[in-house]
Amino acid sequence: EAGVTQFPSHSVIEKGQTVTLRCDPISGHDNLYWYRRVMGKEIKFLLHFVKESKQDESGMPNNRFLAERTGGTYSTLKVQPAELEDSGVYFCASSQFTSGRREQYFGPGTRLTVT
Amino acid sequence: RKEVEQDPGPFNVPEGATVAFNCTYSNSASQSFFWYRQDCRKEPKLLMSVYSSGNEDGRFTAQLNRASQYISLLIRDSKLSDSATYLCVVNLDYKLSFGAGTTVTVRA
């Protein structure tokens, strides 16, 4: 079974530009999550989709970040316009809806550098 | 106050040794608990869930004390391949909170 995949693996952009990250969850997983790790800090929650609906977006830092999950399959996270402090590793995770333990499985991450 | 506070290490141990470390969490409403391992520049990988009664998975033993809001991980008979950063993770309403990680290095 394929795991969570993310694209691109790395992205280097200039301040003010736009970047779109993509996540494909494990097939059949209704829950999809975005997390972020900035340099020297813990991994932090950004938001949670159940199918195509945003369940919790309390971790989104500001309105420059927009996440979508049209059709309830893959998700995109757009940063527009990017700022220096947006640099970090963006992880996507997924879990089954019926999992009582709620184990989440992570993708390899997108390393974003804003210069 | 951080949601999850973790013993940072580093722990440098010889092969075959036992190493143990722990974390505490601040929100008593937390619903489930996990240990993930993370290798350098890789994604977190689920190592094991942690149950209230304590549980083992091979050489790994996890304990949870809900009253003290304390979680521990013990690794027996350490292998070189156990070298990694171990992340203490708690879940509340599908939202995971991560500790900063404990670095373990197993030397030959």
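Letters A, B, ... mirror the listed sequences (proteins, then strands); counts begin at 1.
Of the two parts of B:K2, only the side chain, counted from C-beta on, holds a non-hydrogen atom closer than 4.5 Å to a non-hydrogen atom of chain A. Of the atoms belonging to A:F91, it is side-chain heavy atoms, and not backbone ones, that fall under 4.5 Å from chain B. For B:Q6, no part lies near chain A; criterion is any non-hydrogen pair under 4.5 Å.
A centroid separation of 6.0 Å or more is found between the aromatic rings of A:F45 and B:F98.
Annotation: maximal heavy-atom pairing with chain B below 4.5 Å, among A:K44, A:R111, A:Q6, occurs at A:R111.
Within residues 10-21 of chain A, no residue has any heavy atom under 4.5 Å from a heavy atom of chain B.
Side-chain contact between B:Y94 and A:D56 is absent, with no heavy atoms from C-beta onward closer than 4.5 Å. Contact check for A:E103 versus B:M48: no side-chain heavy atoms found under the 4.5 Å cut-off. Within the 4.5 Å cutoff, side-chain heavy atoms of A:F106 are placed close to those of B:L96. Side-chain contact check for A:P108 versus B:K42: every heavy-atom pair is 4.5 Å or farther apart.
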Taking it one step at a time, do B:K95 and A:Q55 satisfy side chain to side chain contact (heavy atoms under 4.5 Å, CB included)? CA-CA 10 Å; B:K95 185 189 304 186; A:Q55 188 76 15; over 6 Å; no
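Atom CD of B:E3 has 12 or fewer heavy atoms from other residues, nucleotides or ligands within 6.0 Å. Within 6.0 Å of the CZ atom in B:F60, the count of heavy atoms belonging to other residues, nucleotides or ligands exceeds 12.
Separating the OG atom in B:S32 from the CD atom in A:Q104 is a distance of 8.5 Å, to the nearest 0.5 Å.
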